[in-house]
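In what follows, a single structure is set out as structure tokens and then discussed.
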Amino acid sequence: MKPIGPMMWEHRLIEKMLRQFEGEIRKINESDKVDTVFIDTAVDFIRTYADRTHHGKEEDILFRDLAKKPLSAEHAEIMDELVEDHKYSREMVRKLVGAKERYLKGENTSPEVIAYLQELARFYPLHIQKEDKHFFYPCMEYFTKEEQDQMLAEFYEFDRNMIHEKYRKVVDQIEAQSP
Ligand SMILES: [Fe+2]
Ligand SMILES: [Fe+2]
């Protein structure tokens, strides 16, 4: 299997999650209330799965190795764009968390929450499309079969560490909050 296989499966799960945003936006519109548990769950999914686990493999392994190859001007440009997209999604999530926190303090930030959810649901599928349709397949051409196998093994090792990293962070946070 090519290393882009698991990356594309991950895209499908991210899309599925983003599709849930639509119903949530409708609920907020109807009730003018924000389900902060949903927001926390969505933020955790994006930060832990889409950003740390998925973008982590892209940036720390795939893009790192591509940067060592003689990329065409087009591919180099797309790779820069993809890194910028990742930064933009982090920024959107940071704003969503900010709006949710102000909501919990009593401010009516539901229009902001809707706007950030809408923006993530609009923008991120376009990012996925760029990778799936214009980047992943041609990029594999830069690597030999051995390099691709090695990359896939590194992806699995990266994933293996994620569950431990995630729950180390959970305990660290609880520890930091306890008196
Ligand atoms: Fe990406
Ligand atoms: Fe991706």
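Source: prediction; values computed, not measured. Note that ligands are numbered from 1 as they come in the structure, with each ligand's atoms numbered from 1 the same way.
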Return the set of protein N, O or S atoms whose distance to the Fe ion (ligand 2) is under 2.8 Å, each given as residue and atom.
H11 NE2, H54 NE2, E58 OE2, E131 OE1
Strictly below 4.0 Å, N to O, side chains only: are E147 and K69 in salt-bridge contact?
yes
Using a 4.5 Å cut-off on heavy atoms from C-beta on, say whether the side chain of K95 contacts that of E112.
no
Over 12 foreign heavy atoms within 6.0 Å of NZ, K68:
yes
Heavy-atom neighbours of F123 CZ exceed 12 at 6.0 Å
yes
Would you mind reporting whether I14 and F45 have side-chain heavy atoms less than 4.5 Å apart?
yes
Pair Y142 and H75, ring centroids less than 6.0 Å apart:
yes
